[in-house]
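Only one structure is covered here, and it is reproduced in the block below.
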Amino acid sequence: MTHGIQESVYAPSALAVLTENHQQKELAIDNHVTQSLVSQQAAGKRKVSKQIAQSYIDNYNEPFSAMIFASKFTNGIIPPLFDGLDQHQMSLSYRFEKESSEAMNEIQNQLEVFSEAIKESSQKQNVAAKHVIAELLDVVATTNTFIANIACKYKIDLVQEAEEREKIWKEQGLIKAR
């Protein structure tokens, strides 16, 4: 597996989301590409470059496609959306609470292991860390799905909201450099 940000990715699911509300011809015109390219990207036959993905994100307020692109371009470091879940807000709220509780329980279960000095070859610490990461990734994937769902249903510009939060986080000293 390649680590880091990819230059281009296959993302037919992101294009499928975009084509729910926009025709391929419209996507092509708005993003200065050919309709043939959009069709091939939607069919998974051609990759989407970072520049074109950014153009799709900038031109359409579509949180689901933006999150799918983010996951694809980071090789899943940003987890994929849970599209197999019931997308009702109450279902997602319940899932978020469940996943968060599981993550907190796993962290509490591993407190003793985490309180020890980190040993380079400690299998016990490595396994404990992997369990916590797995639970936290479940929380992140659930959270991203919930965020995309809310932003989509209420037509909230997710990029704008994220930028506003980033300003607040900087003011609070949570982000030091960007």
Side-chain angles (χ1 to χ4, degrees), residues 1-96 98-100 102-103 130-166 175 178:
M1 174 191 265
T2 306
H3 298 289
I5 306 297
Q6 300 302 298
E7 292 299 317
S8 61
V9 296
Y10 291 104
S13 54
L15 271 288
V17 171
L18 289 171
T19 57
E20 286 175 7
N21 295 313
H22 307 280
Q23 293 184 1
Q24 288 183 359
K25 182 177 181 178
E26 179 186 354
L27 294 174
I29 291 168
D30 291 349
N31 296 284
H32 310 289
V33 297
T34 66
Q35 186 173 347
S36 174
L37 177 62
V38 173
S39 176
Q40 290 174 340
Q41 290 171 338
K45 295 178 182 175
R46 292 278 305 269
K47 290 183 174 185
V48 179
S49 70
K50 279 194 305 191
Q51 294 80 9
I52 297 298
Q54 187 62 56
S55 182
Y56 288 145
I57 292 167
D58 291 344
N59 287 328
Y60 310 103
N61 184 19
E62 180 35 71
F64 284 100
S65 66
M67 293 276 202
I68 293 167
F69 281 129
S71 178
K72 297 283 186 186
F73 277 95
T74 63
N75 279 320
I77 292 171
I78 296 173
L81 297 179
F82 287 156
D83 59 0
L85 288 178
D86 177 0
Q87 295 296 305
H88 189 277
Q89 291 161 326
M90 292 305 292
S91 296
L92 291 170
S93 178
Y94 169 78
R95 180 67 179 224
F96 174 76
K98 177 182 171 290
E99 295 297 349
S100 297
E102 288 175 8
K130 285 183 178 182
H131 283 252
V132 169
I133 288 170
E135 290 299 335
L136 291 172
L137 285 171
D138 289 349
V139 173
V140 172
T142 302
T143 302
N144 287 348
T145 303
F146 201 6
I147 289 169
N149 181 285
I150 292 169
C152 188
K153 284 197 169 118
Y154 293 98
K155 300 196 184 326
I156 295 169
D157 185 331
L158 187 53
V159 173
Q160 181 181 345
E161 291 302 312
E163 288 171 350
E164 290 298 316
R165 293 305 303 168
E166 186 172 320
I175 299 174
R178 278 211 174 170

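The side chain to side chain contact (heavy atoms under 4.5 Å, CB included) test applied to Leu85 returns Phe82, Gln87, Leu92, Arg95, not counting sequence neighbours. Applying the side-chain hydrogen bond (donor to acceptor under 3.5 Å, both in side chains) test to Gln160 and every residue at least two apart in sequence or in another chain returns nothing. Scored by the salt bridge (Lys or Arg N to Asp or Glu O under 4.0 Å) test, Glu135 finds no partners at all (sequence neighbours excluded). With sequence neighbours excluded, no residue forms a side-chain hydrogen bond (donor to acceptor under 3.5 Å, both in side chains) with Gln35. Applying the side chain to side chain contact (heavy atoms under 4.5 Å, CB included) test to Leu158 and every residue at least two apart in sequence or in another chain returns Pro63, Met67, Ile147, Ala151. Scanning for ring pair (Phe, Tyr, Trp, His ring centres under 6.0 Å) contacts around Tyr60 gives His22, with sequence neighbours left out. Applying the side-chain hydrogen bond (donor to acceptor under 3.5 Å, both in side chains) criterion to Ser39, with sequence neighbours excluded, gives no partner residue. Contacts of Ile77 classified as side chain to side chain contact (heavy atoms under 4.5 Å, CB included), with partners at least two apart in sequence or in another chain: Thr74.
With rounding to the nearest 0.5 Å, the separation of CG in Asn59 from CG in Asn61 is 11.5 Å. Here the straight-line distance linking atom OG of Ser65 with atom CG of Asn21 works out to 10.0 Å at 0.5 Å rounding. The CG atom of Leu27 sits 7.0 Å away from the OG1 atom of Thr19 when rounded to the nearest 0.5 Å. Rounded to the nearest 0.5 angstrom, Ile68 CD1 and Phe73 CZ are separated by 12.5 Å. Separation of atoms OG1 (Thr143) and CG (Asp138) is listed at 10.5 Å; rounding is to 0.5 Å. If you take CD on Gln6 and CG on Asn75, they are separated by 4.0 Å, rounding to the nearest 0.5 Å.
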Step by step, work out the side chain to side chain contact (heavy atoms under 4.5 Å, CB included) result for Glu20 and Phe64. CA-CA 11 Å; Glu20 286 175 7; Phe64 284 100; over 6 Å; no

Verdict with supporting geometry, Ile52 and Gln41, side chain to side chain contact (heavy atoms under 4.5 Å, CB included): CA-CA 11 Å; Ile52 297 298; Gln41 290 171 338; 4.2 Å; yes

Evaluate the criterion side chain to side chain contact (heavy atoms under 4.5 Å, CB included) for residue pair Tyr56 and Val38; output intermediate values, then yes/no. CA-CA 11 Å; Tyr56 288 145; Val38 173; 3.7 Å; yes

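Listed by first then second residue, pairs satisfying salt bridge (charged side-chain N to carboxylate O under 4.0 Å, His left out) with a partner in residues 35-56 read Glu7-Lys50, not counting sequence neighbours. Listed by first and then second residue, the salt bridge (charged side-chain N to carboxylate O under 4.0 Å, His left out) pairs that reach into residues 149-163 come to none, sequence neighbours excluded. For residues 32-54, the set of pairs meeting the ring pair (Phe, Tyr, Trp, His ring centres under 6.0 Å) definition, not counting sequence neighbours, is empty. Identified under the salt bridge (charged side-chain N to carboxylate O under 4.0 Å, His left out) test for residues 66-83, with sequence neighbours left out: none.
In plain terms, the two heavy atoms of Ala43 and Pro12 that are nearest each other are C-CB, 4.5 Å. Across every non-hydrogen atom of Leu137 and Pro79, the tightest pair is CD2-CG, 3.8 Å. Across all non-hydrogen atoms, the minimal contact from Thr34 to Ala28 is C-CB, 3.6 Å. Scanning both residues, Pro80 and Ala141, for their nearest heavy atoms gives O-CB, 3.7 Å. For Ser49 against Ser8, the heavy-atom pair with the smallest separation is CA-CB, 3.9 Å.
Here the side chain of Ser55 pairs no donor or acceptor atom with the backbone of Gln51 at under 3.5 angstrom. A distance-only check finds a donor-acceptor pair linking the side chain of Ser71 to the backbone of Ile78 [under 3.5 Å]. Without hydrogens or angle criteria, Asp86 side chain to Ser91 main chain gives no donor-acceptor distance under 3.5 Å.
In this structure, the side chains of Leu15 and Phe69 come closer than 4.5 Å at one or more pairs of heavy atoms.
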